[in-house]
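Keep in mind it's a predicted model, so treat the numbers as computed, not measured. Computed over heavy atoms, backbone and side chain alike; hydrogens, waters and symmetry mates excluded.
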Amino acid sequence: MEMEMEKSDFLVIFTLADQRYAIPLRTVDKVVRMVAITLLPHAPDFILGVINFKGQVIPVINIRRRFFLPERKVAISDQLVIAHTARRPVALVVDAVLDVIASAEQDWIAPESILPNVEYVDGVIKLTDGLIFIHDLNKFLSLDEESFLDQALENA
């Protein structure tokens, strides 16, 4: 008997600085081309600003900064992954969205077995051509960062 895949068993694969990352498909609302980002004064340093997406003001997260990757200017060829945490919608700046793949959570490798003390990583998938780090959006913002972001959005 063939088991049907749940939406929770799919991952959206994207690249940053030639490394592949993933977030669960269930957290992704849409992938769009880069748009103008409005600066948000007094926001945490990894927030590039905000965008208006279908009438909703959404903070844009610079995940390069969050993952301690080399900085570079946002390019028109970049993409925004519109996703949601348990508390808010967010837009993630990525170099490119590559694919959606099926991957059951029981197939993930514990991140501690590869890199100890890795924040934001829920698991790792080993493929023949490299690793994919799977991230938990709910761990992207600490409670303090959420509070600072809320204040910046209220004062905008």
Side-chain angles (χ1 to χ4, degrees), residues 1-35 37 43-51 53-54 56 58-149:
M1 180 173 158
E2 193 173 309
M3 291 179 58
E4 195 170 309
M5 299 287 290
E6 297 287 322
K7 189 174 182 182
S8 61
D9 293 330
F10 289 90
L11 299 169
V12 175
I13 309 299
F14 59 90
T15 59
L16 282 173
D18 297 323
Q19 172 59 50
R20 290 178 296 180
Y21 299 90
I23 57 175
L25 177 61
R26 69 180 176 276
T27 65
V28 176
D29 299 320
K30 193 158 184 91
V31 176
V32 298
R33 284 190 229 151
M34 181 52 66
V35 297
I37 298 171
D45 71 337
F46 60 88
I47 301 293
L48 290 174
V50 294
I51 60 169
F53 182 72
K54 296 183 178 181
Q56 190 173 20
I58 299 178
V60 178
I61 298 177
N62 179 348
I63 52 179
R64 284 176 175 277
R65 198 169 286 162
R66 180 90 314 188
F67 296 164
F68 304 103
L69 296 172
E71 290 280 333
R72 75 163 175 75
K73 285 190 179 244
V74 173
I76 194 75
S77 60
D78 289 342
Q79 293 180 301
L80 291 169
V81 176
I82 311 296
H84 57 273
T85 69
R87 294 174 294 281
R88 74 173 66 250
V90 294
L92 309 174
V93 177
V94 303
D95 296 352
V97 173
L98 301 178
D99 204 355
V100 174
I101 65 167
S103 176
E105 200 167 326
Q106 63 263 25
D107 297 332
W108 300 359
I109 299 166
E112 303 82 38
S113 66
I114 295 175
L115 296 167
N117 301 322
V118 177
E119 290 185 81
Y120 321 116
V121 178
D122 253 9
V124 179
I125 300 174
K126 270 191 193 176
L127 300 177
T128 55
D129 60 346
L131 301 175
I132 298 176
F133 296 98
I134 305 160
H135 292 276
D136 180 351
L137 287 182
N138 290 317
K139 295 177 185 173
F140 267 39
L141 300 174
S142 71
L143 291 176
D144 285 344
E145 291 167 339
E146 285 272 356
S147 177
F148 286 134
L149 181 55

Spatial distance of atom [atom1] ([X]) from atom [atom2] ([Y]) [nearest 0.5 Å]:
| X | Y | atom1 | atom2 | result |
| --- | --- | --- | --- | --- |
| Leu131 | Arg20 | CG | CZ | 8.0 Å |
| Ile63 | Leu16 | CD1 | CG | 4.5 Å |
| Leu80 | Arg33 | CG | CZ | 12.0 Å |
| Ser103 | Ile13 | OG | CD1 | 8.0 Å |

Any side-chain heavy-atom pair from [X] and [Y] closer than 4.5 angstrom?
| X | Y | answer |
| --- | --- | --- |
| Arg88 | Ile58 | no |
| His135 | Val121 | yes |
| Phe14 | Gln79 | no |

Original post:
Cut-off 3.5 Å, side chains only: do Asp29 and His84 have a donor facing an acceptor?
Top reply: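 Side chains of Asp29 and His84: pair found under 3.5 Å.
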
Original post:
Is it true that Arg65 and Glu71 make a salt bridge, defined as a side-chain N closer than 4.0 Å to a carboxylate O?
Top reply: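 Yes, this pair counts.
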
Original post:
Does Asp45 CG have over 12 foreign heavy atoms under 6.0 Å away?
Top reply: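 It does: Asp45 CG has more than 12 such atoms within range.
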
Original post:
Has Phe148 got more than 12 heavy atoms of other residues, nucleotides or ligands less than 6.0 Å from its CZ?
Top reply: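 Not more than 12 within 6.0 Å, no.
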
Donor-acceptor pair, side chain of [X] and main chain of [Y], under 3.5 angstrom:
| X | Y | result |
| --- | --- | --- |
| Thr15 | Asp18 | no |
| Gln19 | Leu69 | no |
| Asp9 | Ala102 | no |

Subject >> is_close_aromatic(Phe133, Phe67), centroid dist under 6.0 Å >> reply: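 When the ring centroids of Phe133 and Phe67 are compared, they turn out to be at least 6.0 Å apart.
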
Original post:
Residues two or more places apart in sequence or in another chain: which of them pass salt bridge (charged side-chain N to carboxylate O under 4.0 Å, His left out) with Asp99?
Top reply: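 Partners of Asp99 under the salt bridge (charged side-chain N to carboxylate O under 4.0 Å, His left out) test: none.
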
Subject >> With Asp78 via salt bridge (charged side-chain N to carboxylate O under 4.0 Å, His left out) - residues at least two apart >> reply: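 Applying salt bridge (charged side-chain N to carboxylate O under 4.0 Å, His left out) to Asp78 gives Arg72.
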
Original post:
Under the side chain to side chain contact (heavy atoms under 4.5 Å, CB included) criterion, do Val94 and Val31 qualify, and how do the steps go?
Top reply: CA-CA 10 Å; Val94 303; Val31 176; over 6 Å; no

Subject >> From Val97, Ile23, Leu11, residue fulfilling side chain to side chain contact (heavy atoms under 4.5 Å, CB included) relative to Val28 >> reply: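 Among Val97, Ile23, Leu11, the one that satisfies the side chain to side chain contact (heavy atoms under 4.5 Å, CB included) with Val28 is Ile23.
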
